[in-house]
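Computed from a predicted model, the values in this text were never measured in an experiment. Hydrogens, waters and symmetry mates play no part in the numbers below; they use all other heavy atoms, side chains included.
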Amino acid sequence: MTIVDAPTDVPRLSRSAVLTVAEVIEETADARSLVFDIPADRRADFDYRPGQFLTLRVPSDRTGSVARCYSLASSPFTDDLLKVTVKRTCDGYASNWLCDRVNAGDAIEVLPPAGVFTPNGFDDDLLLFAAGSGITPVMSILKSALSEGTSSVFLVYANRDENSVIFKQELQELAAANTDRLRVVHWLESVQGLPTPAQLASMAAPFADHRVFMCGPKPFMDAVHDATARAGFARQRVHAEVFTSLSGDPFAEIELPAVDETSEDGATVSVNLDGDAHEFSWPRSATLVDVLLSKGINVPFSCREGECGSCAATLVDGEVTMDNCSVLDDDDIAEGIILACQARPRSDTLSIEF
């Protein structure tokens, strides 16, 4: 067998870092949190927003490794270290490996924070829905809102039973310290059965002016979507976290693309990214992520396959085509949300905001 090495003269990008596990916290019988220490020279790369996630590389005897996304339960405003929480699933190789094998002092390869399940600010009152391990990003948003804003927060947290409640003590302490701003309602399947859309709508109705964030299993999320629609919430004020299994290897070194901007077939695009404006020619054969990477612009992305939503942006003006956008629903697309790793220009001029 002949092994062909990759060309050494092709520019490449490797974004991952090897992080040390500073602490392992047993949250419940089937969930544990991993707290990461960040090397001084990578701290800027691991700045994050409430509700984002980390992608962990988990060793595998079968495939070499698997990549899995786990939400950050820590808050950038109240916690010095980054913390993700992993709940064991019956047939989940990665979750079982992380729950059984990882100890303080171990090292794990991790990609920088990503994801768009995050508030733009903390002026709005919040209605939060979580089920099971879906509490993880919601907890990050909740703690950040209490720290940085003055708004009220109402959390509905569904679990199988009392022993399944992740962060139970921390939620009790936060509620006791913020009696005028935070209310937590626990929904236990062992006592109340599964929540129905009608029941959730009744709970949500008094908070129709709040901004909604939800995370949990798909049936729960479907019920909450139904409930908020029944209760009259505006679609643009309802935000849902969606995870899919990554089919590729986001840890692979990225071969920086050579993009020919001299093509007469190119479109003109204006991109606003982290407050900086960029204007350039966008060849119709290249994705927006590839063009930005070729220019050395630090664009948010993770899988580059349209499966994680990390590169989501808003199409302010113009039209694009996308190969894979299944992570977006019809309402997202109607509101102009695009995936930069899949988007290619259709119109001659475009304006895009991250």
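The heavy-atom pair separating Glu241 from Met221 by the smallest distance is O-CE, 2.6 Å. The nearest pair of heavy atoms linking Arg181 to Gly149 is NH2-O, 3.1 Å. Among all heavy-atom pairs drawn from Val102 and Trp97, the shortest one is CG2-CZ3, 3.6 Å.
Of the possible polar contacts, none joining the Tyr70 side chain to the Ser33 backbone as a donor-acceptor pair under 3.5 Å is found. Here the side chain of Arg68 pairs no donor or acceptor atom with the backbone of Leu56 at under 3.5 angstrom.
Under the salt bridge (charged side-chain N to carboxylate O under 4.0 Å, His left out) criterion, Asp37 pairs with no residue at all, not counting sequence neighbours. When the side-chain contact (heavy atoms from CB on, under 4.5 Å) test is applied to Asn163, the partners found at least two apart in sequence or on another chain are Asp161. A search for salt bridge (charged side-chain N to carboxylate O under 4.0 Å, His left out) contacts involving Arg49 returns nothing, not counting sequence neighbours.
Note on Arg101 versus Asp106: no salt bridge recorded, every NZ/NE/NH1/NH2 to OD/OE distance being 4.0 Å or above. Remark: Glu26 engages Arg32 in a salt bridge, criterion side-chain N to carboxylate O under 4.0 Å.
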Name each donor-acceptor pair under 3.5 Å that joins a side chain in residues 136-147 to protein atoms two or more places apart or in another chain, with its distance.
residue	atom	partner	partner atom	Å
Thr136	OG1	Ser133	O	2.8
Ser140	OG	Gly51	N	3.4
Ser140	OG	Ser74	O	2.7
Lys143	NZ	Ala73	O	3.4
Lys143	NZ	Asp79	OD2	3.0
Lys143	NZ	Glu170	OE2	3.3
Ser144	OG	Ser75	OG	2.8
Ser144	OG	Ser140	O	2.8

Donor-acceptor pairs under 3.5 angstrom involving side-chain atoms of residues 205-213: please list them, not counting sequence neighbours.
residue	atom	partner	partner atom	Å
Arg211	NE	Asp124	OD2	2.9
Arg211	NH1	Gln236	O	3.3
Arg211	NH1	His239	NE2	2.9

Just list the side-chain donor-acceptor pairs under 3.5 Å for residues 346-354, sequence neighbours left out, or say none.
residue	atom	partner	partner atom	Å
Ser347	OG	Glu319	N	2.9
Ser347	OG	Thr349	O	3.1
Asp348	OD1	Arg284	NH2	2.6

